[in-house]
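Side chains included, hydrogens not; waters and symmetry mates left out as well; all remaining heavy atoms used. Residue numbers start from 1 in every chain, and the chains themselves are labelled A, B, ... in the order their sequence lines are given, proteins ahead of strands.
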Amino acid sequence: MDYNLSEGSLQTIMNGGHYEKPVMQVLGSKKIQGSGANERFRLLVSDGKHSHSFAMLATQLNDKLITGELSDYSVVQIDRFVTSLLKNTGKGEKRVMIILDITILASGTDVGKKLGNPQTWSEDSAAAAPAPVMQPVPKPTVQPMQISKPSTVTGMNTSILSAQMTHPIASLSPYQNKWVIKARVMNKSPIRTWSNARGEGKLFSMDLFDESGEIRATAFKNECDKFYDMIQVDKVYYISRCQLKTANKQFTTLKNDYEMTFTADTVVAECTDDMSALPSVKYDFLPINSIAEKSPDNIVDVIGVCKSAADLQELTAKSTGKLLKKREVTLVDSSGGGIVLTLWGAEAEKFEGSTNPVIAVKGARLTEFNGSKSLSCLASTMMRLNPDLPEAHKLRGWYDNGGADMETVNISAKSGLYSGGSNEWLSFADAEAKQLGSGEKGDYYSLLGVLTFTFSDNAVYKACPQEQCNKKLVDQDNGLFRCEKCNREYPNYKHRLLLGANVSDPTGDQRITAFNEAAEAMLGKTAAEVGQLFDYDKNAYAQLFEEVKFKTFVFKFRTKIETYSDETRLKTTVMNAQPVDYKDANSRLIKNIKSITGVQV
DNA sequence: CCCCCCCC
């Protein structure tokens, strides 16, 4: 098998020229900085004639190296790249190539050897070599130095700034300060003030990105005033003359080891050129059902349809006493998964979910609380409603053509609120034999069962709108609702569920009670949705309770004998109800069969 | 120079 490397392409590129989709061989790779999400790799590449370790992999391609797809000796076509002159302290300039897109033409194992006899490229070989044949480029390369004076940039027509003059964000470092980036604003914070032992002031920060990477920039005091109004989310700007410093990883999830601070010299010019509408955001969407497998604190991108949005909640953080506003939004996608995304502050307040918008989220944090996972927005999280993305249009089509009615597994369903106690798998007969529920604290167990009947009467009620209070309200028939527990009247309420049902398994049956979240999981609808049906569509409401009959769930029960006056009875509450994981259920069956029969396979 | 990213 022959592999045609683009001989001489490396020389052209090193001299600042352009070469369309050069084919090169990877001879080695090396991690140069960071770890985890902030890893960055350098590649030793060869065009068959020369080799050079000047190539850096854009972070979104890191996976190709980590998975071994991009192994040594592999032959690749570099579909997209940018080069940048870095000023090396004391050693003049060095050009780096940042690889943005790559096609692997042959794997390292298929090629198995170094192709040709490439010589290490050096300035000397450049001098010795005949003038490189440059492929036509629109304009001669202009070095950033020429536009380093702020006055020049301020007054210039930004269209003269060609792509070749700007630096990839990924190449920025504190060691060289002559650069211009062309970046799109992903996020902009509100103005914040601070006051501490070291002084006081105000600031705002913005997250910027281009094709090569992302970086946070902060403007303090004067710069805060100067740039706050100008900087607008989603717009593209040329930015130069900022101070770079090491980013404190404790406070950022952006994939950059550095961050920028605006200074008095900082120059910002909006890029209005249509052709410069790039860069666009790079998402790495995970199907919602796959998020269940991820560990908490992962930062994930997700796209889904807003199936429901809870009311705005105001709460006071116990630890800080801070007043917080949040809104929980449930996203679903065609993977059949659903997940809660928590919005905070102004974003929570202004959110409007009644039109079921498609929501694209970049950089949300996966959190786990009491065993259930959900996503939470951070300051650095970027959220877009109905973005013009292929994935968004696909989801819209899916949702509007049946997806809305698809059953989804809500991975944020509340689960496992146990305070100790075992979580063993039992049948109803087992539970009875063990006399579960007779103790002081109540007993917990898991059971695979079928919902044989649901009581639709009084399954939904108007509850106190206060966050912590779920008390049933008394309708005053004057537009107000009274909460006996809070001892006050409200003009509003929230719907909550209290579902009575019968569950059967092969050994028996049990009357159970499911509170709000568990009932939502069983009915596949939020309390608000059920409330809507109850208020406006009694037929659909009745239908809902019919449809859920004979569905199988994995139940987690709490059971306890309770006494009302003289009468005692076993009260079984659904802690949560989840769809059946058949693989898991079957392995449990097989295990039981083995232990009962003594047959080992 | 900030550094909060939350709550049950």
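Residue whose closest nucleotide on DNA chain B sits further toward the 5' end, between A:Thr367 and A:Lys245: A:Lys245. Between A:Ser374 and A:Lys221, the residue anchored nearer the 5' end of DNA chain B, judged by the nucleotide with its closest heavy atom, is A:Lys221.
Distances from the side chain of A:Phe220 to the nucleotides B:dC6, B:dC2, B:dC7 place B:dC2 closest. With B:dC5, B:dC6, B:dC2 as the candidates, the nucleotide lying closest to the side chain of A:Lys322 is B:dC6. In the set B:dC2, B:dC7, B:dC6, B:dC6 carries the atom at the smallest distance from any side-chain atom of A:Arg365. Checking B:dC5, B:dC7, B:dC2 against every side-chain atom of A:Phe251, the shortest atom distance belongs to B:dC5.
Using a 4.0 Å cut-off, no side-chain N or O of A:Arg216 falls inside it from OP1 or OP2 of B:dC2.
Among the heavy atoms of the strands lying under 4.0 Å from A:Glu259 is at least one base atom, whether or not backbone atoms are also near.
For the pair A:Trp194 and B:dC2, the ring geometry does not qualify as stacking, because the centroid separation below 5.5 Å and plane angle under 30° are not jointly satisfied.
The separation between A:Leu323 atom CG and B:dC7 atom P is 13 Å, rounded to whole Å. Distance A:Asp311 CG to B:dC8 P: 19 Å, rounded to the nearest Å. For A:Asn470 and B:dC8, the CG to P distance is 14 Å, given to the nearest whole Å. In this structure, CZ of A:Phe369 is placed 9 Å from P of B:dC7, rounded to the nearest angstrom. Remark: P of B:dC6 and CD of A:Gln313 are 16 Å apart, rounded to the nearest angstrom. At whole-Å resolution of the value, NZ in A:Lys325 and C1' in B:dC6 are 14 Å apart. The distance from atom NZ of A:Lys249 to atom P of B:dC2 is 19 Å, rounded to the nearest whole Å. Atom-to-atom, CG of A:Asn248 to P of B:dC4 comes out at 10 Å; the value is rounded to the nearest Å.
Here the side chain of A:Lys362 pairs a donor or acceptor atom with the backbone of A:Lys282 at under 3.5 angstrom.
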Worked verdict on A:Tyr445 versus A:Phe557 for ring-ring contact (aromatic ring centres under 6.0 Å, His included): CA-CA 5 Å; A:Tyr445 63 105; A:Phe557 292 131; 5.5 Å; yes

Step by step, would you call A:Arg216 with A:Asp207 a salt bridge (charged side-chain N to carboxylate O under 4.0 Å, His left out)? CA-CA 4 Å; A:Arg216 170 157 307 166; A:Asp207 295 337; 2.7 Å; yes

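For the pair A:Arg384 and A:Tyr283, the cation-pi criterion (under 6.0 Å, within 45° of the ring axis) is not fulfilled.
Sorted by first and then second residue, the salt bridge (charged side-chain N to carboxylate O under 4.0 Å, His left out) pairs involving residues 331-345 of chain A (not counting sequence neighbours) form an empty list.
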